[in-house]
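This report concerns only the one structure given below.
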There are 2 protein chains.
Amino acid sequence: MLKLTKKADYGLMALKFLAEHPERPALSAKDVADAYGIPAQLLAKILQQLTKSGLLRSTAGMNGGYALAREARSISAYEVILAIDGPFFITSCSKGKTGCELTTNCTIKEPLARVNETIAGVLKSISIQDLAEHEPPAARERNARELVALTL
Amino acid sequence: MLKLTKKADYGLMALKFLAEHPERPALSAKDVADAYGIPAQLLAKILQQLTKSGLLRSTAGMNGGYALAREARSISAYEVILAIDGPFFITSCSKGKTGCELTTNCTIKEPLARVNETIAGVLKSISIQDLAEHEPPAARERNARELVALTL
DNA sequence: TAGTATACGACCGTTTCTGTCGGAATTACA
DNA sequence: TGTAATTCCGACAGAAACGGTCGTATACTA
Ligand code: SF4
Ligand code: SF4
C-alpha cells in the first residue's frame, strides 16, 4: 500500500541518470540498465512509455537511445509516475472499473481526496533535477502540520 | 501504486464512525459494516488489528463491540495505516524480504526516503477527528513547493 | 444455558506487479 | 547492400499482494 511500483522507481532512476549525462546525445536502454543492474528489457519498456508520454526523445538505430525531452528542472516526479503507472489516486474510488461501490455511503471519500491532492502536490514539486542533486536534509518535521492545516 | 488498501480505507471509515458516536459505549463490527456496506467479516478482522495495536478498546459478549481507545484528535491516519498495513515505505528497499537488491547502486534511494518522510508527515498530521469534521477546502496549491524545499 | 460478540487462523479467487520472450521496424555504417 | 545496434510492440507467465470468506474457539451478558 502507498508504495511506488518498481517500474516508477526504475523510471526515476533512469531519468536521473539521463539528467546526469547531458553531454551524451542519447543513451541506450541497455546503458542505463547496466549502470544500475535493472532488468534491461523491463527498463526498455518503461523508457518507451516515458517516450510516448513526451518526457523522453528517442532515436532508433545504432548509437540511438533516449534523452530528456525537456530540461531536468521541468520534469516532475509526478509526471513520471503518471506516465508509468497511470492516473494517481490513493483511494480505489474514481478509478473506472474495479473501483469502489461504497462511493454513495462513503464519508471519508472527500477528505481523502484532499489528502490525495496534497501528496500529488508534493510529487509535483519534486523535479528530476532535485533527485540528481543531493542537498543536505535540512529542517523537516515542522510544516507538515502546517501544510495539512491548509489543505484539509 | 501509491494506493491505500481497502482495509486501511475501511479502517479509517470505521474509526471515523466511532468518533462520531461517542455516546455509545461500544459499537459492534456489524453495526459499522452495515452502516457503510463493508463486508462484515473483513471489517471485524480489521477492527481486531486496530485493537491489538491499541487504537481501539474491545469488549466481547452482548452489547459489546469497539470504542476508541484514545480521543479522536490524538489518533492519526498514519497510525491507522501502520496498524493495518504494516510499516510505511513508498519504496521497496528497507523492507526485509522481497526487497530491492539495487540498494548498493541506487542513487535515488536517499532522496526518495525523504519523500517518504514527507508523506508520512502529512499522514501523521491528519487525525480521525479531521476526517469527522468537514472543513472547507481553503487555500491549497501553494506551499507544497515550500514544504518540499525544506524536506529535500 | 442461550445468545451475542470478539478472536484467530486457514484458505481461496482475483488482481496487480515484475520480468521474459519473440518478433518487427528503424537507423548507422562499412 | 548487408549487418549490427537499437527502439518498438504485444503477449505471456510466475509471483506476490489484496479482498474476502469460513470455521471454530473464546468471552461476556442476561
Ligand atoms: S469511496 Fe470511500 S471507501 Fe470507496 S474507495 Fe473511495 S474512499 Fe475508500
Ligand atoms: S534501492 Fe533504489 S531502486 Fe531499490 S527500491 Fe530503494 S529506491 Fe527503489
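Within every chain, numbering begins at 1; the chains are lettered A, B, ... in the order of the sequence lines, protein sequences first and strands thereafter.
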**Asked** A:Tyr36: what forms a ring pair (Phe, Tyr, Trp, His ring centres under 6.0 Å) with it, not counting sequence neighbours?
**Response**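 For A:Tyr36 the ring pair (Phe, Tyr, Trp, His ring centres under 6.0 Å) partners, ignoring immediate neighbours, are A:Phe17.
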
For residues 38-53 of chain B, tabulate all N or O donor-acceptor pairs below 3.5 Å that involve a side-chain atom, not counting sequence neighbours.
from: B:Thr51; atom 1: OG1; to: B:Leu47; atom 2: O; distance (Å): 2.7
from: B:Ser53; atom 1: OG; to: B:Gln49; atom 2: O; distance (Å): 3.0

With the criterion being N/O to N/O and under 3.5 Å, what pairs connect the protein with nucleotides 1-8 of chain D, and how long is each?
from: D:dT6; atom 1: O4'; to: A:Gly61; atom 2: O; distance (Å): 3.3
from: D:dT7; atom 1: OP1; to: A:Ala29; atom 2: N; distance (Å): 2.8
from: D:dT7; atom 1: O3'; to: A:Ser58; atom 2: OG; distance (Å): 3.4
from: D:dC8; atom 1: OP1; to: A:Ser58; atom 2: OG; distance (Å): 2.6
from: D:dC8; atom 1: OP2; to: A:Tyr66; atom 2: OH; distance (Å): 3.2

**Proximity to the side chain of A:Pro39 - top-ranked nucleotide from C:dG19, C:dT18, D:dT21** =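 Selected nucleotide (nearest to the side chain): C:dG19.
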
Nearest-Å distance for atom pair [atom1]/[atom2], residues [X] and [N]:
| X | N | atom1 | atom2 | answer |
| --- | --- | --- | --- | --- |
| A:Lys7 | C:dT20 | NZ | P | 12 Å |
| B:Gln41 | C:dA5 | CD | P | 14 Å |
| A:Leu4 | C:dC17 | CG | C1' | 13 Å |
| A:Ile84 | C:dG19 | CD1 | P | 13 Å |
| B:Arg57 | C:dA7 | CZ | P | 12 Å |
| B:Glu101 | C:dT18 | CD | P | 12 Å |
| B:Met1 | C:dT16 | CE | P | 12 Å |
| B:Leu43 | C:dA7 | CG | C1' | 14 Å |

**Item:** Summary of salt bridge (charged side-chain N to carboxylate O under 4.0 Å, His left out) pairs that have at least one residue in residues 58-73 of chain A, sequence neighbours excluded
**Value:**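 Found A:Arg70-A:Glu79, A:Arg73-A:Asp130.
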
**Prompt:** Under the side-chain hydrogen bond (donor to acceptor under 3.5 Å, both in side chains) rule, what pairs show up with a residue in residues 22-33 of chain A, not counting sequence neighbours?
**Reply:**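 Qualifying pairs, neighbours excluded: A:Ser28-A:Asp31, A:Lys30-A:Asp34.
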
**Request:** Apply side-chain contact (heavy atoms from CB on, under 4.5 Å) to B:Ala8 and list each qualifying residue two or more places apart in sequence or on a separate chain.
**Result:**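 Expected list: B:Leu4, B:Thr5, B:Ile81, B:Asp85.
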
**With A:Ala120 via side-chain contact (heavy atoms from CB on, under 4.5 Å) - residues at least two apart** =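 For A:Ala120, the residues satisfying side-chain contact (heavy atoms from CB on, under 4.5 Å) (neighbours in sequence not counted) are A:Tyr78, A:Phe88.
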
**Item:** Heavy-atom pair of closest approach, residues A:Ala26 and A:Thr59
**Value:**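 That would be CB-OG1, 4.2 Å.
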
**Message:** Is there a side-chain hydrogen bond (donor to acceptor under 3.5 Å, both in side chains) between A:Thr91 and A:Lys109? Walk through the geometry before answering.
**Reply:** CA-CA 8 Å; A:Thr91 55; A:Lys109 181 182 157 148; over 6 Å; no

**Request:** Taking salt bridge (Lys or Arg N to Asp or Glu O under 4.0 Å) as the test, write out the residues that go with A:Arg57, two or more places apart.
**Result:**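 Applying salt bridge (Lys or Arg N to Asp or Glu O under 4.0 Å) to A:Arg57 gives none.
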
Please enumerate all protein N or O atoms sitting under 3.5 Å from an N or O of nucleotides 10-14 of chain D, with distances to 0.1 Å.
from: D:dA11; atom 1: N6; to: A:Lys45; atom 2: NZ; distance (Å): 2.7

**Prompt:** If only side-chain N and O atoms of B:Tyr10 are considered, is one of them under 4.0 Å from the OP1 or OP2 phosphate oxygen of D:dG20?
**Reply:**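 Affirmative; the distance criterion is met.
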
